[in-house]
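What follows is a short report on a single structure.
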Amino acid sequence: MEEKGTEWLLFAVHRLVSWGASAAMIFGGIVPYIPQYRDIRRTQNADGFSVYVCLMLLVANILRILFWFGRHFESPLLWQSIIMILTMLLMLKLCTEVRVANDLNTKRRLFTASGSKDEELKAYPKRCFLDFDMNFFWHWSRFTDYVQCVLAFTAVTGYITYLSLDSVLYVETLGFLAVFTEAMLGVPQLYRNHQNYSTEGMS
């Protein structure tokens, strides 16, 4: 009886540790972005954070999910990718709202200083994904444009993956690109810090 009780206790501990490890794997990736999100929301300034970090993580995790259809890996890693995609979309939503609001405030201050009523009536120029202007790629004025871009990328790569699932070379290349993109994650932020000559605003 004692032996069975010990076995059950060990089994329960093992399951608890397993669930804890899975939870850490699923949610651990988004933890560094929580203070960044709170900092941007508190200061209403997203200049110190590169939105290209969000782009790279979105691409990497979408490719990782598509790779899963060709070669199944552990479920916690799959859920980690889904949670990370949702987190990056939330980051983009906040950064877009803050940037547009700050640009509008700056423009109002300039108009007030110049005293030009005609210019004040001019609409704020909106940059859209469907404009296909590469000069403003990933610097759009609405969050919906980022969602459209992500959906378009997912649809195109998903269709190509559907047609190429039987190709081992394609599936392995997909996995490599997912890992390589995530490995280069620090580059956009490093470039932004170099442009600003500062790390201010980066958590």
Side-chain angles (χ1 to χ4, degrees), residues 3-98 138 143 146-147 149-151 153-155 157-158 161 165 168 170-193 199-203:
E3 190 175 332
K4 285 186 178 180
T6 304
E7 287 179 2
W8 184 87
L9 182 61
L10 289 173
F11 174 76
V13 170
H14 179 267
R15 290 299 297 270
L16 189 63
V17 171
S18 179
W19 288 341
S22 296
M25 193 180 296
I26 293 170
F27 297 103
I30 69 170
V31 169
Y33 297 96
I34 295 174
Q36 182 71 70
Y37 183 92
R38 296 181 63 182
D39 187 53
I40 293 172
R41 192 167 186 174
R42 178 179 57 82
T43 61
Q44 289 298 296
N45 189 335
D47 291 342
F49 178 72
S50 174
V51 290
Y52 286 104
V53 170
C54 299
L55 173 62
M56 296 192 76
L57 276 172
L58 285 167
V59 169
N61 285 281
I62 289 168
L63 292 179
R64 188 195 291 176
I65 291 172
L66 294 175
F67 175 73
W68 181 85
F69 288 98
R71 175 179 287 189
H72 291 296
F73 48 78
E74 293 181 2
S75 296
L77 286 174
L78 180 63
W79 281 107
Q80 181 194 63
S81 293
I82 295 170
I83 296 296
M84 183 61 77
I85 288 171
L86 295 175
T87 302
M88 289 303 103
L89 290 174
L90 283 174
M91 287 291 295
L92 280 173
K93 186 175 187 297
L94 177 65
C95 289
T96 304
E97 290 172 352
V98 168
W138 212 249
F143 172 66
Y146 292 96
V147 175
C149 181
V150 170
L151 290 176
F153 175 77
T154 304
T157 52
T161 301
L165 270 180
V168 176
Y170 174 81
V171 172
E172 292 299 326
T173 302
L174 203 62
F176 168 76
L177 289 175
V179 173
F180 180 76
T181 305
E182 194 166 11
M184 299 297 289
L185 180 61
V187 174
Q189 189 62 57
L190 181 65
Y191 181 67
R192 170 57 65 89
N193 294 347
T199 58
E200 187 178 351
M202 184 191 76
S203 174

Straight-line distance of F27 CZ to I34 CD1, nearest 0.5 Å: 10.0 Å

Can you tell if the side chain of W138 reaches within under 4.5 Å of the side chain of C149, non-hydrogen atoms only? yes

Within a reach of under 6.0 Å around CZ of F73, are more than 12 heavy atoms found that belong to other residues, nucleotides or ligands? yes

Rounded to the nearest 0.5 Å, what's the gap from CE on M84 to SG on C54? Could you check? 10.0 Å

According to the interplanar angle, ranging from 0 to 90°, do the rings of F49 and Y33 count as parallel (below 30°), tilted (30 to 60°) or perpendicular (above 60°)? perpendicular

Here the gap from L66 atom CG to T157 atom OG1, rounded to the nearest 0.5 Å, amounts to 4.5 Å

Please name all residues satisfying side chain to side chain donor-acceptor pair (under 3.5 Å) with Q44, sequence neighbours left out, ordered by chain then number. none

Just by distance, no angles: are the side chains of T87 and Y37 close enough, under 3.5 Å, to form a donor-acceptor pair? no

Any idea which heavy atoms bring G48 and Q189 closest together, and the distance? O-NE2, 2.9 Å

Taken to the nearest 0.5 Å, the spacing of Q36 CD from C95 SG works out to 7.5 Å

Kindly indicate, with the supporting measurements, whether the criterion side chain to side chain contact (heavy atoms under 4.5 Å, CB included) is fulfilled by Y52 and L57. CA-CA 9 Å; Y52 286 104; L57 276 172; over 6 Å; no

Could you grab the distance from atom CG of L78 to atom CZ of F67, nearest 0.5 Å is fine? 12.0 Å

Write down the atom of T154, the atom of V150, and the distance for their closest heavy-atom approach. OG1-O, 2.7 Å

Close side-chain approach of Y170 to L174, heavy-atom, < 4.5 Å: yes

For residues 179-188, please give each side-chain donor-acceptor pair under 3.5 Å, one per line with the distance, not counting sequence neighbours.
residue	atom	partner	partner atom	Å
T181	OG1	L177	O	2.6
E182	OE1	R64	NH2	2.7

4.5 Å side-chain heavy-atom contact, L92 and L58: yes

If the condition is salt bridge (Lys or Arg N to Asp or Glu O under 4.0 Å), which residues does R71 pass it with, not counting sequence neighbours? E172

Compare every heavy atom of I65 with every heavy atom of S81, then report the nearest pair and how far apart it is. CB-CG1, 3.7 Å

Find the distance between CZ (R42) and CD1 (I40) and round it off to the nearest 0.5 Å. 11.0 Å

Closest approach of F143 and L89, non-hydrogen atoms and distance? CE1-O, 3.1 Å

